[in-house]
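Since the structure comes first, as structure tokens, the remarks are kept for the end.
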Amino acid sequence: MAAYGGDASSAEARRRSKLSAGPHHRDRELAPLDKDRILSCLGTRWLGRDMRLFAQLASTNELAISLAQKGESGTVILAEVQTRGRGRLSRHWESPSGGIWMSLILRPDIPIALAYQINMAICVAVCRAISNLLGLNPGIKWPNDLLIGERKVGGILMEVQAEGERLEYAVVGVGINANIDPSAFPDDWMATSLSREGGSEVSRTALIQRTLLEIERAYENLGSMEIYDEWRRRSVTIGRMVRISANSGELVGEVEDLAEDGALLLRRDDELVRVLAGDCIHLRGMGGL
Ligand code: ADP
């Protein structure tokens with residue numbers, strides 16, 4: 001099993017201890033999700049037709065992986081709360097009620113080397129759903145964070161299994177801070193939520209329906225220039241000064257572009273360095289100002 005992404009953050013323990021000392025996440029009771037309501041107006045042909053909704057799970061990706069190992073496909077797992085939600089490299093993903101925490105099981109017939117196309121398509125699809133439904137315009141911070149302004153509103157976590165050169169399955173976790181009070185999170189997470197940005201609660205049911213529809217459409221267009229172009233256009237990392245931490249060490253430079261294979265192209269003096277995976281910290285404002 002390979003998780004796409006970079007290195008664990010050394011500040012994680014400190015962040016978590018601040019979090020557990022923080023105020024309660026919920027500022028009000030929210031209507032719980034209802035599977036029949038979600039399914040009743042779901043426009044997808046196959047994605048999420050098999051849907052499992054839980055009040056609480058350790059991790060939706062974890063359950064999805066065990067179902068994928070049994071051969072399931074197109075299944076969507078949802079949880080109101082995750083107790084051990086994961087970010088990249090097992091980092092903690094805080095998942096209080098009010099958010100959308102879901103994982104999908106996908107089985108595209110592609111070489112494992114093209115798995116980055118799935119992450120690209122899903123990042124684009126989730127942005128489309130949020131902007132079409134709510135009029136908010138999320139950007140993509142390379143490689144897998146969704147931002148509104150400078151703040152993180154969600155993230156994608158893809159975990160893939162190979163069978164030789166082919167991809168056997170991909171489990172994709174989609175986390176969206178929908179109706180959450182982000183002030184309960186540590187300040188250095190730079191988190192926000194849709195309800196904070198839009199000024200009112202969002203319908204999680206409608207957003208799940210729209211997100212699954214956009215994901216199904218994008219998935220059927222996997223590897224297309226249309227998705228790559230939109231992924232690039234929505235990137236808030238291009239043009240930024242960044243610090244990349246990868247297994248091979250740290251790199252600082254300006255991001256010149258994102259390549260078709262998902263790699264970040266980093267300008268360092270006369271050199272253009274291709275970075276395929278790693279942690280990316282935006283150092284200054286747009287355009288390096
Ligand atoms: P990164 O954002 O550094 O690439 P991940 O994508 O793995 O890392 O996400 C995990 C990190 O995101 C955590 O270490 C924490 O800083 C932050 N985080 C955790 N839960 C949330 C959340 N619900 N909303 C925004 N940020 C979060």
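Read the numbers this way: they start at 1 and go in the same order the structure lists the ligands and their atoms. Positions are given from 1 along the sequence.
- Under 4.0 angstrom from ligand 1, there are no non-hydrogen atoms of Asp188.
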>> Does Ile110 form a side-chain contact (heavy atoms from CB on, under 4.5 Å) with Ile118? I'd like the steps, not just the answer.
In response: CA-CA 10 Å; Ile110 57 173; Ile118 306 171; 4.2 Å; yes
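- Summarising the contacts of atom 13 (C) of ligand 1 with His92, Arg88, Lys141, Arg91, the nearest heavy atom is found in His92.
- Distances below 4.0 Å separate heavy atoms of Ala191 from the following atoms of ligand 1: 25 (C).
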>> Determine whether Asp279 and Ile244 satisfy the following criterion, side-chain contact (heavy atoms from CB on, under 4.5 Å), listing intermediate values before the conclusion.
In response: CA-CA 5 Å; Asp279 266 341; Ile244 304 286; over 6 Å; no
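- Counting only non-hydrogen atoms, the option in Phe185, Trp189, Trp101 that gets closest to atom 19 (C) of ligand 1 is Trp189.
- Between Glu150 and Arg240, at least one side-chain nitrogen of the basic residue sits less than 4.0 Å from a carboxylate oxygen of the acidic one, meeting the salt-bridge criterion.
- Counting the atoms of ligand 1 from 1 in the order shown, those under 4.0 Å from a heavy atom of Gly87 are 7 (O).
- Evaluation of the ring-ring contact (aromatic ring centres under 6.0 Å, His included) test over residues 39-82, restricted to residues two or more places apart or in two chains, returns Trp46-Tyr219.
- Looking at Arg128 and Glu230, a side-chain N of the basic residue comes within less than 4.0 Å of a carboxylate O on the acidic one, giving a salt bridge.
- Of all the listed residues (Asn177, Leu147, Ile176, Thr192), Asn177 holds the heavy atom that lies closest to atom 24 (N) of ligand 1.
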